[in-house]
Amino acid sequence: MSNERYNARETEPRWQKLWDERGIFATKNDDPRPKYYVLEMFPYPSGRIHMGHVRNYTMGDVVARYKRAMGFNVLHPMGWDAFGMPAENAAIERKVHPKTWTYENIATMKKQLKSMGLSLDWAREIATCDPSYYKHQQRMFLDFLKAGLIERKQSKVNWDPVDQTVLANEQVIDGRGWRSGAEVEQRELTQWFFRISDYAQDLLDSIDTLDRWPDKVRLMQRNWIGRSEGLLVRFMLDPKTTPNSESELEIYTTRPDTLFGAKFMALSPDHPLAAAAAKKNQKLAAFIAECKKHGTAQEIIDKAEKLGFDTGIRAVHPFDPNWTLPVYVANFILMDYGTGAIFGCPAHDQRDLDFVNKYGLGNVPVVCPEGQDPKTFVITDTAYDGDGRMVNSRFLDGMTIADAKDAVAKRLEGETRGNRPVAQRQVNFRLRDWGISRQRYWGCPIPVIHCDDCGVVPVPVKNLPVTLPEDIEFDRPGNPLDRHPTWKNVACPQCGKPARRETDTMDTFVDSSWYFARFTNPWIENAPTERKDVDSWLPVDQYIGGIEHAILHLLYSRFFTRAMNVAGHAGLKEPFAGLFTQGMVVHETYRKTDGTFATPAEVKIDGAGDQRRATLLATGEEVEIGSIEKMSKSKRNTVDPDDIIETYGADTARWFMLSDSPPERDVIWTEERVQGASRFVQRLWRLVGEAHEVAKSAPKERPAEFGAAALKLRKAAHGALARVSGDIEKLHFNVCLAQIREFANAMSDAVETVSAAGQATPDMAWAMREAADILVPLFHPMMPHLAEECWAALGHKTLIAQAPWPQVEGALLVEDTITLPVQINGKKRADVTVPRDAAHADIEAAVLTLDAVKKALEGKAPKKVIVVPQRIVNVVA
RNA sequence: GCGGACGUGGCGGAAUGGUAUACGCAGCAGACUUAAAAUCUGCGGCCCACAAGGCAUGAGGGUUCGAUUCCCUCCGUCCGCACCA
């Protein structure tokens, strides 16, 4: 067999078929072995898989196959995040029904995934657009509604007047809709919200328990939740200056210590007091209208100037009835954070300082940094937000910031006005409730009915699912559900009178917030989950996906699991015990003279290093080799997984994805390295063949003694085994692959030794058999097809996919004598070989006889000799 | 602006307080071949003709017997958040 080339194209489908026929990756829920749940983020069925999928699913498959070999009952399912806008875009642009488009894509991508040789349990496949899935989602919506986890409220949205649809912030570009180009308006719509903010503190606290999540993701979630501790303070207003004799304004501040530096108050343009004042002041009304015209798009907010308008209202300082502050409406105050009103202390807040400098209100520093003279400490253009002592602050003078905050809070909490304390400590979060209403067709219908008499009525559970109608038209903008002739019309479940269905559908993030739970038992029809299954399988032991989901998907899933817990559909709070975020697949770009890009397949590369040149295959025209970018359609730097699998085989593609780059970092796809991976596939095939030849003469019984060469091989094999196991556990795939290559090199050396000697000694033949039986299982998780073929060639009748992980022989990892590096003043100068358990004194004596040491010491005694057991010796001269 | 990560040969990278440059890619030289491909062997941080030696992990400083690893300052690259009071 050793002189035949390994033919991946013939071999891979053969093993895939066999795995399939024998159903060896179908997982049973009642298997008594310990469980291991490995999950990769399921794909959106966009049409074809891309290299990012190949990388993601290869990593998951390595873990799944390894854990299976380690004796775990492994759950490794796959499904489709199948609702979403691209299906509707296809319907509009190509007149294909979203359902047809989606299911065709699923079929194509499933075939592609199968060609990768992934050890997936396809019997548990889920598509979120299937009524058998979203039925349960609707059921949970109703349960959550009953449990008070969902509410309906007004919210501002980006409205595209041409497409007649709501746009996400990222779909608004320079204030215009990304598709229509129409100027986006702010509209108030009544929408459904999941009350995720009720769980802000719990979601924050529990991050500490997620010790197998990347620190980066945990930090991003902490920042996103954005907890702050502050004080609500009720300022009195001069009723003579207010529109309707209002007497009070409540503000939120995290810096109550700076109250004596206050120079103004500011209201959000959406604040009720601003609205009231605008009714009596046309100029103010115009100012507010102008503020509201600006969208929520980030670019606009960034560039917008800080603008204010003096309402004429005057507020009274809480510590001085004779001290009044002007009340402005300002465009930078958000209505939905705190109370929508603030007091401004310009000396210690840059934004407030910019504001007073524009309107000439001045500033007073109240915190003086250590070592500064308060008399000369002035603020002009840069606010001071550091530590220091209170100054110019009456009873607070001399206190630290923390003490001053506490003193202000205590004093104002103690005062009451109208039976309520003047101030109250409050914790605020940046995290907002999760608006899930989408004015779209291709999503999960929200199961409620609007009745003129009964109001919002939930669809009775027995009437679920509320299915999407299939006879819809995309010939006009807007939501097809809204204008469907009959779907919307329904009798009120309570009073029986004609009523209307909710035509909004759910955000697709809802679909992906519980699919991992459904995978634990996707067959049960009368409930979203089977409690014994969901509780025994969850949490997911290893979740793998892109960093782009670090916040939204992962935070929503954490919330949703809590909600399922409350509603009785799951018994835990944290769905993902281990998380890994893999890097992207990137590729260099090729720019043609006309500025457009060429694909890697259209380009031929010549030369190396600085001499590398790229020319178009078709015309010979030179193209510029550009920067390395994320593979994308727009840069045309994509490589099609199908092409790679066709040319090199899935194992080569899988090996490449794990090589060289650490898995959390981006990997650069290059033709040279794919060939390198392919060469290694061939080399392993040859090596296993050669090893098999050598091993033919091996005795059945393990020899009592091993010669030096055989022992060296055995040590290499067991050393590699121990290290590879550890590296897979830590997901250090690139290091793991280097270990396998090193072991293969050691095996090649041994084969070389045998062929130089003419024949194998019995001990070497036995050791070679052992080495081959270790090598194949080691690379099986990465290259399963090649491993099956090698395993069969070695004469095994079992499948490697079902074989146990080899046992390490610990004694082989311990050396009798060890060679320690010898440093002189921290630089390596020599080696010394000593018995493993040699005493310090003996090692020291041995070291002092070395020529290099004698020379360095020039006859003098060393100042110190440091012996680190099993590691190193350092002589200080 | 706030927060975080990273910086090692020509390139991807290894080593998380103990032999810096494992493993691979590219390169060079050689073997096999009529030739090529494939394969195999050898060489690859810099300075110095060699050796000895010295210098090298973005730059500078510190801690340590010993620092790529820990600490401080700076430079560069990337990422997240951002009128959040």
Side-chain angles (χ1 to χ4, degrees), chain A residues 3 5 214-224 226-228 230-231 251-256 258 266 268 298 301-302 304-306 330-334 336-345 348-352 354-355 382-383 385 428-432 547-548 550-551 607-610 612 656 659-662 664-668 670-677 679-680 682-683 686 732 734-745 748 752 819-831 855 862-877:
Chain A
N3 36 18
R5 275 180 73 79
D215 288 341
K216 181 186 168 75
V217 174
R218 299 203 293 172
L219 186 70
M220 281 164 74
Q221 291 216 347
R222 281 194 191 100
N223 291 342
W224 188 262
R227 184 182 197 272
S228 72
L231 200 64
I251 61 97
Y252 177 74
T253 179
T254 56
R255 292 298 300 273
T258 63
S268 163
Q298 203 55 55
I301 292 170
D302 285 348
E305 202 183 352
K306 284 160 193 50
N331 63 348
F332 56 89
I333 307 298
L334 304 173
D336 50 4
Y337 188 83
T339 61
I342 62 152
F343 82 83
C345 172
H348 306 290
D349 181 297
Q350 191 59 48
R351 194 196 41 209
D352 293 348
D354 294 345
F355 190 80
T382 309
D385 60 2
N428 249 337
F429 294 95
R430 210 189 71 106
L431 181 67
R432 309 288 161 74
I547 186 76
E548 66 273 20
I551 297 172
D610 296 343
R612 278 178 91 244
F656 179 96
S659 304
D660 298 335
S661 292
E664 69 278 9
R665 260 190 249 175
D666 291 351
V667 63
I668 306 167
T670 71
E671 190 62 23
E672 290 86 354
R673 285 196 210 136
V674 180
Q675 284 167 6
R679 272 202 298 277
F680 189 61
Q682 295 298 336
R683 192 176 151 216
R686 276 196 313 276
H732 290 176
N734 57 324
V735 188
C736 173
L737 267 55
Q739 298 291 354
I740 291 172
R741 295 190 98 121
E742 247 178 299
F743 175 33
N745 291 345
S748 292
E752 189 61 30
T819 301
L820 295 174
V822 177
Q823 294 182 333
I824 296 164
N825 297 329
K827 296 262 186 216
K828 196 213 162 187
R829 289 288 182 254
D831 291 298
K855 195 180 156 204
K863 283 197 186 122
K864 202 171 177 186
V865 179
I866 292 138
V867 178
V868 184
Q870 315 291 319
R871 300 230 78 142
I872 205 166
V873 181
N874 192 14
V875 178
V876 185

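Quick caveat: nothing in here was measured; it's all calculated off a predicted structure. Within every chain, numbering begins at 1; the chains are lettered A, B, ... in the order of the sequence lines, protein sequences first and strands thereafter.
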Legend entry - Check ion pair A:Asp336-A:Arg432 (N to O, under 4.0 angstrom): yes

Legend entry - Syn/anti state for B:G44 [syn: chi within 90° of 0]: syn

Inset, instruction - Take atom P in B:A85 and the same atom in B:A5, then report the distance between them in whole Å. - result: 23 Å

Inset, instruction - Could you tell me whether A:Gln823 contacts a base, only the sugar-phosphate backbone, or nothing, with contacts defined as non-hydrogen atoms closer than 4.0 Å? - result: base

Legend entry - P-based separation of B:A51 from B:C43 [nearest Å]: 15 Å

Legend entry - Chi-based syn or anti call at B:G4, which uses purine or pyrimidine torsion atoms and a 90° bound: anti

Inset, instruction - Find the partner of B:A5: check Watson-Crick (N1-N3 plus N6-O4 or O6-N4) and G-U wobble (N1-O2, O6-N3) distances, both under 3.5 Å, and reply none if neither fits. - result: B:U77

Inset, instruction - Give a yes or no on whether a donor-acceptor pair under 3.5 Å exists between the nucleobase atoms of B:C84, that is its base, and the side chain of A:Arg432. - result: yes

Inset, instruction - Select base, sugar-phosphate, or nothing to describe what A:Gly676 touches, counting heavy atoms under 4.0 Å on all strands. - result: sugar-phosphate

Legend entry - Atom-to-atom span, CG of A:Asn745 to C1' of B:U41 - whole angstrom: 13 Å

Inset, instruction - Check every strand shown and say whether A:Asp336 touches a base, only sugar-phosphate, or nothing at a heavy-atom separation below 4.0 Å. - result: nothing

Inset, instruction - Please give the nucleotide sitting opposite B:A67 as a Watson-Crick or G-U wobble pair, both distances under 3.5 Å, or none. - result: none

Legend entry - B:A49 versus B:C11 - spacing of their C1' atoms, nearest Å: 30 Å

Inset, instruction - Check every atom of B:A85, B:C81, B:U19 against the side chain of A:Ile551 and return the nucleotide holding the closest atom. - result: B:C81

Inset, instruction - Please report, rounded to the nearest Å, how far the P atom of B:A14 is from the CD1 atom of A:Ile740. - result: 16 Å

Inset, instruction - Under 4.0 Å between any heavy atoms, over every strand shown, what does A:Ser748 touch: base, sugar-phosphate, or nothing? Just pick one. - result: nothing

Legend entry - Any A:Tyr252 side-chain N or O less than 4.0 Å from OP1/OP2 of B:A85: no

Inset, instruction - Give none if B:C55 has no partner; otherwise give the nucleotide forming a Watson-Crick or G-U wobble pair with it, both distances under 3.5 Å. - result: B:G45

Legend entry - Side-chain N or O of A:Asn223 closer than 4.0 Å to phosphate OP1/OP2 of B:G4: no

Legend entry - Listed nucleotide nearest any side-chain atom of A:Val735, set B:C23, B:A15, B:C65: B:A15

Inset, instruction - Tell me what A:Val868 touches on the nucleic acid: a base, only sugar-phosphate, or nothing, going by heavy atoms under 4.0 Å. - result: base

Inset, instruction - Please work out if A:Ile333 contacts a base, only the sugar-phosphate, or nothing of the nucleic acid, heavy-atom cut-off 4.0 Å. - result: base

Legend entry - Distance (rounded to the nearest 0.5 Å) between A:Phe680 CZ and A:Leu737 CG: 7.5 Å

Inset, instruction - Kindly say if A:Arg351 contacts the phosphate of B:G1, meaning a side-chain N or O under 4.0 Å from OP1 or OP2. - result: no

Inset, instruction - Report the nucleotide, chosen from B:C84, B:C40, B:C25, that has the shortest atom-to-atom distance to any side-chain atom of A:Leu334. - result: B:C84

Legend entry - Closest to side chain of A:Ile866, choosing from B:C25, B:A14, B:C65: B:C65

Legend entry - Pairwise P distance, B:G1 and B:C46 [rounded to whole Å]: 41 Å

Inset, instruction - Would you mind reporting whether A:Pro256 and A:Phe343 have side-chain heavy atoms less than 4.5 Å apart? - result: no

Legend entry - A:Arg683 side chain to A:Ser748 side chain, donor-acceptor N/O pair below 3.5 angstrom: yes

Inset, instruction - Name the closest nucleotide to the A:Asn734 side chain, picking from B:C23, B:G13, B:C83. - result: B:G13

Legend entry - Heavy-atom pair with the smallest gap, counting every atom of A:Phe355 and A:Ala330: CE1-CB, 4.1 Å

Legend entry - Donor-acceptor pair under 3.5 Å, A:Lys306 side chain vs B:C83 base: yes

Inset, instruction - Starting from P on B:C40, measure out to CD on A:Gln682 and report it in whole angstrom. - result: 11 Å

Legend entry - Nearest-Å distance for atom pair NE2/C1', residues A:His732 and B:U16: 11 Å

Legend entry - N or O in side chain of A:Ser659 less than 4.0 angstrom from B:C25 OP1/OP2: no

Legend entry - Pairwise 5' ranking along RNA chain B for A:Arg673 and A:Ala677, keeping only the more 5' one: A:Arg673

Inset, instruction - Using a strict 4.0 Å threshold on nitrogen-to-oxygen distance, state whether A:Asp354 and A:Arg351 make a salt bridge. - result: no

Legend entry - Partner nucleotide of B:C25 by Watson-Crick or wobble geometry (both distances under 3.5 Å): B:G10

Legend entry - Residue A:Trp224, side-chain heavy atoms: nucleotide from B:A82, B:C40, B:A85 that is nearest: B:A82

Legend entry - Same-atom distance (P) from B:U19 to B:U57, integer angstrom: 16 Å

Legend entry - Phosphate-side-chain proximity, A:Arg871 and B:G66, N/O vs OP1/OP2 below 4.0 Å: no

Inset, instruction - Give none if B:A31 has no partner; otherwise give the nucleotide forming a Watson-Crick or G-U wobble pair with it, both distances under 3.5 Å. - result: B:U39

Inset, instruction - Would you check if A:Cys736 and A:Gln739 make a side-chain contact, meaning some heavy-atom pair closer than 4.5 Å? - result: no

Inset, instruction - Quickly work out the A:Met220 CE to B:A5 C1' distance and round it to whole Å. - result: 12 Å

Inset, instruction - Answer with base, sugar-phosphate or nothing: what part of the nucleic acid does A:Leu219 contact at a heavy-atom distance below 4.0 Å? - result: sugar-phosphate

Inset, instruction - Would you check if the side chain of A:Arg227 reaches a backbone N or O of A:Phe429 as a donor-acceptor pair within less than 3.5 Å? - result: no

Inset, instruction - Please measure how far the C1' atom in B:G10 lies from the corresponding atom in B:C28, and state the result in whole Å. - result: 13 Å

Inset, instruction - Could you measure between the two P atoms, the one in B:A59 and the one in B:G76, and give it in whole Å? - result: 15 Å

Inset, instruction - Let me know the distance between CG of A:Asp349 and P of B:A82, rounded to the nearest Å. - result: 17 Å

Inset, instruction - By nearest nucleotide on RNA chain B, pick out whichever of A:Pro662 and A:Glu752 is the more 5' one. - result: A:Pro662

Legend entry - Side-chain N,O (A:Arg430) to OP1/OP2 (B:A82) below 4.0 Å: yes

Inset, instruction - Decide yes or no for A:Ile872 and A:Asn874: does some side-chain heavy atom of the first lie under 4.5 Å from some side-chain heavy atom of the second? - result: no

Inset, instruction - Starting at atom CZ of A:Arg665, determine the distance to atom C1' of B:C79, rounded to an integer number of angstrom. - result: 14 Å

Legend entry - Nucleotide nearest A:Ile342 (side chain, heavy atoms from C-beta), chosen from B:U19, B:C83, B:A85: B:A85

Legend entry - Pairwise P distance for B:U68 and B:U63, with rounding to whole Å: 16 Å

Legend entry - side chain to side chain contact (heavy atoms under 4.5 Å, CB included) evaluation trace for A:Asp349 with A:Arg255: CA-CA 10 Å; A:Asp349 181 297; A:Arg255 292 298 300 273; over 6 Å; no

Legend entry - OP1 or OP2 of B:A26 under 4.0 Å from side-chain N/O of A:Arg679: yes

Inset, instruction - Give the nucleotide from the list B:A85, B:C65, B:A22 with an atom nearest to the side chain of A:Glu742. - result: B:A22

Legend entry - Separation of B:G12 P from A:Glu664 CD (nearest whole Å): 16 Å

